[in-house]
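Working notes for the structure below.
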There are 4 protein chains.
Amino acid sequence: MSSNTFGKLFSVTTFGESHGPAIGCVIDGCPPGLEIAPEAFRHDLERRATGKSRHTSARREKDEVEILSGVFEGQTTGTPIALLIRNTDARSKDYADIARQFRPGHADYAYWQKYGIRDPRGGGRSSARETTVRVAAAVIAKKWLAQRYGIGIRGFLAQLGPIVPQGFDWNAVEGNAFFWPCAEQVPELEEYMDALRKSGDSVGARVNVVADNVPPGWGGPVYGKLDGELAAALMSINAVKGVEIGDGFASVVQLGSEHRDGMTRDGFLSNHAGGVLGGISTGQQVRASIALKPTSSLRLPARSLDVDGNEIEVVTKGRHDPCVGIRATPIAEAMMALVLMDLALLHRAQCADVGPVRPRISSGDGLD
Amino acid sequence: MSSNTFGKLFSVTTFGESHGPAIGCVIDGCPPGLEIAPEAFRHDLERRATGKSRHTSARREKDEVEILSGVFEGQTTGTPIALLIRNTDARSKDYADIARQFRPGHADYAYWQKYGIRDPRGGGRSSARETTVRVAAAVIAKKWLAQRYGIGIRGFLAQLGPIVPQGFDWNAVEGNAFFWPCAEQVPELEEYMDALRKSGDSVGARVNVVADNVPPGWGGPVYGKLDGELAAALMSINAVKGVEIGDGFASVVQLGSEHRDGMTRDGFLSNHAGGVLGGISTGQQVRASIALKPTSSLRLPARSLDVDGNEIEVVTKGRHDPCVGIRATPIAEAMMALVLMDLALLHRAQCADVGPVRPRISSGDGLD
Amino acid sequence: MSSNTFGKLFSVTTFGESHGPAIGCVIDGCPPGLEIAPEAFRHDLERRATGKSRHTSARREKDEVEILSGVFEGQTTGTPIALLIRNTDARSKDYADIARQFRPGHADYAYWQKYGIRDPRGGGRSSARETTVRVAAAVIAKKWLAQRYGIGIRGFLAQLGPIVPQGFDWNAVEGNAFFWPCAEQVPELEEYMDALRKSGDSVGARVNVVADNVPPGWGGPVYGKLDGELAAALMSINAVKGVEIGDGFASVVQLGSEHRDGMTRDGFLSNHAGGVLGGISTGQQVRASIALKPTSSLRLPARSLDVDGNEIEVVTKGRHDPCVGIRATPIAEAMMALVLMDLALLHRAQCADVGPVRPRISSGDGLD
Amino acid sequence: MSSNTFGKLFSVTTFGESHGPAIGCVIDGCPPGLEIAPEAFRHDLERRATGKSRHTSARREKDEVEILSGVFEGQTTGTPIALLIRNTDARSKDYADIARQFRPGHADYAYWQKYGIRDPRGGGRSSARETTVRVAAAVIAKKWLAQRYGIGIRGFLAQLGPIVPQGFDWNAVEGNAFFWPCAEQVPELEEYMDALRKSGDSVGARVNVVADNVPPGWGGPVYGKLDGELAAALMSINAVKGVEIGDGFASVVQLGSEHRDGMTRDGFLSNHAGGVLGGISTGQQVRASIALKPTSSLRLPARSLDVDGNEIEVVTKGRHDPCVGIRATPIAEAMMALVLMDLALLHRAQCADVGPVRPRISSGDGLD
C-alpha cells in the first residue's frame with residue numbers, strides 16, 4: 001500500500017534522501033536460511049556507483065552497507081532485513097541556490113504541488129540515489145533466485161542517444177563503463193560522451209534486461225501479471241519513459257503469423273513474447289527494454305519559475321550524469337530481480353501443490 | 001494483494017471467464033453520494049463491444065449491467081458496488097477441439113503450467129472478455145473524476161499495423177469504428193482490414209490515451225508513481241507489449257535541452273514529460289501510448305503441442321478480432337481512469353491538509 | 001486494502017446489502033484443483049441460517065449459492081471464484097418507518113456520519129446478512145485445510161446470557177439449535193429464550209471456536225500474528241465486543257509458573273497459550289473465544305434522534321434475533337478458517353524451503 | 001502485506017532484534033508539514049523504558065532516536081520517515097545457554113518450527129524490545145491526531161494480578177511507575193511486586209486505553225472496522241491474550257435494553273459500545289481493554305526440550321519483567337494511535353467530500 005514499498009511478499013521499503021544522513025531499506029518476507037555477508041552487496045553497488053568514470057556524476061559514495069537486522073550468524077532468519085547506507089559525499093551547498101527554483105524536467109515543481117514542502121538538497125527523495133538500495137535489496141533476491149532456480153538476470157546498454165550496438169557479446173558488457181555489448185564501439189561512446197559533456201547537454205538511452213531460466217507459471221491474472229509488474233517496476237526507475245516486453249512496440253506492425261511463438265518438443269521456435277503470455281511466464285527468456293530520458297540538470301539555461309512565481313532562468317551546476325542510462329543497467333536488473341522474487345513467492349503460495357506439469361519444454365530461443 | 005484486484009483505495013476486483021455464466025466486479029472504496037444509473041454503463045460498453053462492425057469478433061453480447069449492491073436510490077452509498085454481466089453469446093462448442101491444445105501466442109500453455117488445469121472455453125480468464133468489467137468500473141471513476149475535478153479522459157487509435165494518422169481531429173475519433181482521428185483515412189483502414197481478414201492473419205496496433213485537467217500532485221514516490229501505476233495498468237490489458245509515457249522511446253535520442261519542458265507563468269512550454277515528473281502529476285496533459293500485439297488466434301496453421309506433448313498443427317476457428325487494437329481505446333481509457341481515481345484518493349488521504357499551493361500554472365501545452 | 005476484503009493471499013471480497021438484490025463474494029487466490037460442488041455450501045449455510053427455530057429471526061432465505069466463475073468441471077482453476085446468493089425474503093416495508101431514525105446500538109448513526117447517506121433497508125451493509133458469504137467462502141477454506149493438513153475447525157456456544165454449560169460433549173453441539181455442548185440443558189435454554197422473546201429484550205452470548213491439527217509455524221511477526229489476525233477476524237463479526245486467545249482475560253490473575261505450557265517429548269503439558277506463541281502457531285489446539293453483545297433491535301422503546309435532530313422514541317418491529325450469539329458459531333468457525341487458510345499460504349510462500357523441523361511434538365493437550 | 005508493517009496509509013514497518021545492532025522503523029504516508037524534533041520521542045520512550053524502577057527489567061537503553069529521512073528543517077516532507085535506535089545494553093552472553101533450548105511460554109519453539117533458524121539473543125525479533133519503535137512511530141501519530149482533531153489518547157493499568165483500582169484519577173496515572181489510577185494503592189502494588197520478584201514468579205495484568213474526541217465516521221465495514229483494527233493492533237502487542245471494546249465480555253450477560261446507548265440532543269446516554277458501532281466510530285470515547293499474560297522467563301524451573309529433542313529443565317536468568325503489563329500502557333496507547341491515524345487517512349480518502357453531517361451529538365459520556 002505504501003508507495004515507498006515494492007513487492008507484496010518480498011517487500012522492500014526504502015527510505016532516504018539524496019543528501020540526508022542515510023538511505024536504506026527494510027526487506028520483509030525473505031526466505032530464511034539464505035547466506036548473506038555484508039560483502040555480498042559490493043559488486044552490484046559498484047556497478048551502479050557514480051564517480052567511477054568521467055562519464056557519470058563525480059559524486060563518490062562509499063556505499064557501505066550495514067546489516068541492521070534479520071541476519072544471524074550469516075544467515076537470513078526470516079525477519080526483516082534492514083540495510084543502512086550512510087551518505088558521505090553530500091554537498092548540499094551545491095544546491096542552495098536552487099532551493100527556491102523549479103528545475104524544468106525535474107520533480108521539483110511536482111513535489112512542491114503535492115506536499116507544499118520539499119527537500120531541495122540533491123533532489124531529495126526524487127534523486128536516483130534511492131536506487132542504490134534497490135540494487136542492494138536485489139542482491140538478496142538475485143542470490144535466492146539463482147540458488148533456488150538457477151535464474152540469471154543481466155542487462156546491457158542497448159542504445160546511447162543515436163548510437164546502437166554494432167555487435168553483441170555478453171562478455172563485453174561488464175568490460176566497459178557503459179555496459180555496452182560491443183567492445184569495438186567503446187571509444188566511439190567515450191568520444192560521444194566527452195563531446196556531450198563539453199556541450200553541457202545530456203542524452204537519452206535504452207537499456208535491455210533479460211532473465212534466463214525463469215520457470216513457466218509465474219505471474220498471475222489479471223492485474224498481477226508478470227509483464228504488468230515488470231512495467232511498474234521498470235517505469236519506477238528515475239528517468240524511464242517507456243517499457244517494452246518482448247518485441248514491444250515492434251509488435252505494432254507485425255502480423256499475427258509472425259508474432260506468435262510456435263512450440264515444438266524441443267522448445268519455442270522464437271521469442272516475440274518476451275517470455276510472458278497472459279501475464280504468466282512461459283519458460284522462455286524474460287525480456288524487457290526501457291527508454292531513459294536525458295537528464296534535465298544542465299549547465300545550459302532553461303526558462304522556469306521560482307517559488308514566488310517569478311519567471312527565471314535556471315542553470316544547474318552541481319554534479320550530474322550527462323546520460324543516466326549509463327548506470328541504469330544494474331538498476332533495471334535489480335527491478336527485474338525484485339519482481340521475479342515476489343512472483344516466485346506468490347506463485348508457490350497458491351500453486352505449491354501443483355506437481356510438475358507436463359509437457360514442459362525448453363526456452364528454445366537459443367539464448368539461455 | 002489479490003492479483004484480480006486493481007487499485008488500492010478505489011479497488012476493483014474482477015471475476016469471470018469468457019464462456020462462464022457471468023463476468024463482473026466489486027468496486028470498493030467509491031466515494032458516497034455519486035449518482036449512478038444502470039444506463040450509465042451503456043455508452044462505454046458499446047464502444048468496447050464486439051460484433052458492431054465486420055472488423056471485430058462476431059460475438060454479440062448484450063452486456064447488460066446489473067447493479068447488485070452499493071447503490072441506494074440512485075446514489076453510491078460508500079459500500080461495495082457489485083456489477084454483474086451475464087454471458088449470453090458464449091459458444092463453447094467452438095472451442096471444444098482446442099481444449100487439449102496449446103495455441104501459440106496464447107495463455108494456454110502458461111496457465112497450464114501455473115495451475116495444472118485450465119478452462120479452455122473462449123480463453124477462460126485470459127480472454128479480453130474480462131476487460132468489459134474494467135470499462136464498466138471505469139464509468140464510475142470517469143464520472144467522479146469529471147464531476148470533482150473536470151478531468152476528461154479520451155483515446156484514439158494511433159497506428160493500425162503500418163498505417164499512421166495523416167491528420168488529427170478529436171471530433172473524428174468517435175465517428176468511426178476504429179477510433180481513428182482522421183476521417184479521410186477510414187476507407188483505407190476498412191480496406192486494409194478486409195484484406196487482412198481475408199488473409200486469415202492479424203495485425204498489431206498502437207493506442208494513445210490522454211487525461212486533461214489532472215491536478216498537479218497526484219502519484220507518489222517511489223513505487224506508487226503515476227507513470228508506474230499507468231504502466232502496470234496499461235500493460236495489464238490483453239495483448240499490450242509496450243507502454244510509453246510522454247515522449248516514451250523517442251526520449252532515447254533526445255537531448256536534455258530538447259526534452260525538458262520549460263515553465264512560464266502562462267504554463268509549460270511543451271509536454272515531453274507526458275504530465276509526470278518524479279512520478280507525480282505536473283498539471284500538464286497526462287499522455288500514454290501502448291503497443292498491442294496482433295492476436296494469435298488465426299485460421300493460418302501454427303506448430304504447437306497438445307497436453308500429451310504431441311507436436312500438432314493448430315488452426316483456430318471460433319470468432320476472433322483480426323486487430324484487438326481496434327477495440328482497445330475504451331479499455332485504455334478505463335485503465336487510465338482507474339489509475340487516476342485511485343491516486344486521487346491516495347493523494348488526498350495524505351495531503352488533504354496541504355492548501356492551494358502557489359505558484360500553479362496551466363497545462364500550457366495547447367491541448368486542453 | 002479494501003475494507004470489504006478479508007485476507008491477503010486467500011482474499012475474500014464480499015458485497016451486498018441485507019435487503020438489496022443479492023449478496024456475494026469473490027474469492028481470489030484459491031489453490032487450483034480443489035473439488036467444489038454447488039451443494040458443498042449447503043451444510044454450513046443451513047447451520048448459520050435464520051428461521052430454523054423460533055429462537056432466531058423469522059427471515060427465511062434459501063441461500064442458494066451460484067458459482068459464477070473460477071470452477072471448471074467441478075474443480076477450482078486458480079482464478080477468482082465468485083459466489084452469488086440472491087436475497088429472496090427481504091421485506092423492506094418493515095423498515096420504512098425507521099429510514100429516518102437512528103436506532104440506538106445500531107450502526108445507523110455511524111454510517112450516517114461517515115457516508116452522509118445510508119441504505120436503511122434491513123440494516124443495509126451493516127446487517128449480519130453479510131456473514132452468510134463469509135460462511136460460504138469458508139466452506140472452501142475448510143475443505144482445503146482439511147484435505148491438505150487434516151485441520152478441523154469447530155465451535156460451540158459457551159455461554160448464553162447467564163447460562164453456562166454444565167457438561168461438555170462435542171457430539172451434543174450439532175444436535176441442538178444453540179450449538180450447545182450439554183444436551184441436558186437444552187430445555188433450560190429454550191425456556192430462557194422463550195421468556196426473553198416474550199419480554200421483548202435480547203441477551204449477549206459467548207462462542208468458543210477451536211482448530212485442531214494446525215501445524216506449528218503459521219502466522220508471522222509482528223503485525224501478521226496468528227492471534228492478531230484472529231482477533232481482527234473475530235472482532236469483525238457483527239456484535240462481537242471481545243476476543244480471547246487461549247486463557248484470555250483469565251491470564252490477568254495467573255502466575256507465570258502457572259500459565260506457561262511445559263513441553264515434553266509427548267507433547268505440551270497444557271494449553272494456556274491457545275496454540276499461539278509469539279504470534280506463531282505451536283501445534284497445540286488453536287483456541288479463541290468471543291463475546292457477543294445483545295442485539296439492539298428491540299420492541300422495547302429507546303431514546304434516540306431522527307435525521308433532523310429531533311428527539312424520538314425508537315421501537316423496532318421487523319424480524320430480529322433475540323440472541324445473535326445463537327447463530328454465531330458457524331460464523332466464528334468461518335473466520336477462523338479464513339485466517340488459517342490465509343496464513344497457510346503466507347507461510348509456505350516464505351518458508352516452503354524449510355524442511356521438516358525437528359523436534360516436533362504433538363499438541364498434547366488431550367483434545368485432538 | 002508485509003507482516004512487519006502496520007497500517008495501510010500511515011504505514012509503519014519495523015525491524016530489529018532485541019540484541020542486534022539496532023531497532024527502527026520506516027513510517028510511510030505521514031502528512032507533510034508536521035513539526036517533528038528528535039526530542040519529541042523522549043517522553044513516551046521513557047514512559048515505556050525498562051530500568052526505571054526495580055519493578056521492570058534492569059536493562060537500561062538510552063533509546064536515542066535518530067531521524068534518518070523524511071524530515072527537512074524540522075518538518076515532515078511526506079516522504080518516508082526512518083527512525084533508528086541503536087541497542088546499547090544488549091548482553092548476549094546472558095542468553096548463550098538458552099540458544100539451544102526452547103523456553104516454555106516463549107516464541108522459541110514456534111520460531112524454530114517456522115523458520116528452521118532463530119536468533120536467540122534476547123528473544124530476537126519476538127522480544128518486546130520491538131515495541132519501542134511502535135511507541136516512537138506513534139509519537140508522530142499522536143501529535144497529528146491532537147493537532148488536527150484534538151484527539152487525546154491515554155491509558156492506565158487497570159489490574160495487576162489480583163489487585164484492582166480502588167479509585168480513579170487520571171492525574172494519578174502518570175505519577176507512579178505503574179500507570180495506576182489510584183495513588184493510595186501504590187505502596188500495595190510495590191509490596192506485591194517485591195514479593196513476586198522474590199518468589200521468582202511473574203503475574204498478568206490488564207491495561208485500559210481510551211481515545212477522546214475521535215470524530216464519528218472513522219473505520220469501515222466490514223473487515224476494516226475500527227474495532228477489528230484495534231483488536232489486531234492490541235493483540236499484536238507481546239503477551240496480550242485478550243481484547244475488549246467497550247463493555248467487552250461483560251456484554252455476554254447484559255440485556256439489549258441495558259447495553260444499547262441511548263441518544264439525546266445532549267449526547268449519548270451511556271457508552272457500552274466503547275465508541276464503535278458497525279465498525280465505525282460514533283463520537284463517543286473509544287475504549288479498549290487488554291489482558292496481558294504473565295511473562296514466562298522465570299528463575300523457577302520448567303519442563304521443556306532442547307533443539308535435539310532432549311527433555312530438559314529450563315531456568316531463565318537474564319533480566320526480565322515480572323509483570324510486562326506495567327510497561328504496556330504506552331504501548332497500548334501507541335497502537336491505538338496508529339490505528340486511529342490510519343483510519344483517519346482512510347476515511348478522508350473516501351469521504352472527504354461528505355460535508356459536515358447533521359445531526360452530530362457530543363460524546364456525552366461525561367468523560368471528555
Side-chain angles (χ1 to χ4, degrees), chain A residues 1 3 6 8 104-105 107 110 113-114 116 125-126 159 161-162 201-202 204 206 216-217 220-221 223-225 227-228 231-232 235-236 241-245 248-249 251-257 259-260 262-263 277-278 280 282 291 293-296 298 300 302-305 309 354 357 359, chain B residues 1 3 6 8 104-105 107 110 113-114 116 125-126 159 161-162 201-202 204 206 216-217 220-221 223-225 227-228 231-232 235-236 241-245 248-249 251-257 259-260 262-263 277-278 280 282 291 293-296 298 300 302-305 309 354 357 359:
Chain A
M1 182 65 222
S3 90
F6 186 84
K8 293 167 183 168
Q113 290 291 333
K114 183 175 194 70
R125 183 74 181 145
S126 70
Q159 189 167 347
D201 217 328
S202 64
R206 176 193 282 265
Y223 305 114
K225 288 178 168 175
D227 38 4
M235 193 66 90
S236 80
K241 301 303 288 182
V243 177
E244 296 183 312
I245 303 298
F249 281 90
S251 312
V252 172
V253 295
Q254 291 173 346
L255 295 175
S257 55
H259 181 90
R260 59 182 176 175
M263 300 164 75
L277 287 172
I280 298 170
T282 59
K293 71 173 185 179
T295 23
S296 303
L298 307 177
L300 306 175
R303 294 177 64 184
S304 193
L305 299 173
V354 177
V357 181
Chain B
M1 183 62 225
S3 90
F6 186 84
K8 293 167 182 166
Q113 289 292 332
K114 183 175 193 71
R125 183 73 182 146
S126 70
Q159 189 168 347
D201 217 329
S202 63
R206 176 193 282 266
Y223 306 114
K225 289 178 168 173
D227 38 5
M235 193 67 90
S236 80
K241 300 303 287 182
V243 177
E244 296 183 311
I245 304 297
F249 281 90
S251 311
V252 171
V253 295
Q254 290 173 347
L255 295 174
S257 55
H259 181 92
R260 61 182 176 176
M263 299 165 75
L277 287 172
I280 298 170
T282 59
K293 69 172 186 180
T295 21
S296 302
L298 308 178
L300 307 176
R303 294 178 64 184
S304 192
L305 299 174
V354 178
V357 181

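Numbered from 1 within each chain, the chains take letters A, B, ... in sequence-line order.
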Between S3(B) (side chain) and P221(A) (backbone), is there a donor-acceptor pair under 3.5 Å? yes

For the interface with chain A, which of G224(B), A231(B), S202(B), P162(B) has the highest count of heavy-atom pairs at distances below 4.5 Å? S202(B)

Go through R206(A), K225(A), M263(A) and name the one with the most non-hydrogen pairs under 4.5 angstrom from chain B. M263(A)

How close do Q159(B) and V253(A) get, counting heavy atoms only, and between which atoms? NE2-CG1, 3.4 Å

Interface residue of largest heavy-atom contact number with chain B, from S296(A), A302(A), S251(A), under 4.5 Å: S251(A)

Portion of V354(A) that has a non-hydrogen atom of chain B nearer than 4.5 angstrom: side chain

Looking at every heavy atom in both A107(A) and G278(B), which two are closest together, and how far apart are they? CB-CA, 3.7 Å

Can you give me the closest heavy-atom contact between G256(B) and P294(A), atom names plus distance? N-CB, 3.3 Å

Polar side-chain atom of K114(B) near backbone of G217(A) as donor-acceptor pair, under 3.5 Å: yes

Please classify the contact of T295(A) with chain B as side chain, backbone, both or neither, using a heavy-atom distance under 4.5 Å. backbone

Pick one of side chain, backbone, both or neither for D227(A), based on which atoms fall under 4.5 Å of a heavy atom in chain B. both

Heavy-atom closest pair (L300(B) atom, S257(A) atom, distance to 0.1 Å) is CD1-CB, 4.0 Å

Under a 4.5 Å heavy-atom cutoff, which of L305(A), T282(A), L255(A) has the most pairs with chain B? L255(A)

Please report the shortest heavy-atom distance between A291(A) and F249(B), naming the atom on each side. CB-CD2, 3.4 Å

Which bit of K293(A) comes within less than 4.5 Å of chain B, counting heavy atoms only: side chain, backbone, both or neither? both

When only pairs under 4.5 Å are counted, which of S126(A), P104(A), G116(A) shares the most heavy-atom pairs with chain B? P104(A)

Only pairs of heavy atoms separated by less than 4.5 Å count here; which of Q113(A), R303(A), M235(A) has the most with chain B? Q113(A)

Has the side chain of Q254(A) got a donor or acceptor atom that lies under 3.5 Å from a matching backbone atom of G161(B)? no

Give the minimum heavy-atom separation between L277(A) and A110(B), together with the two atoms involved. O-CB, 3.6 Å

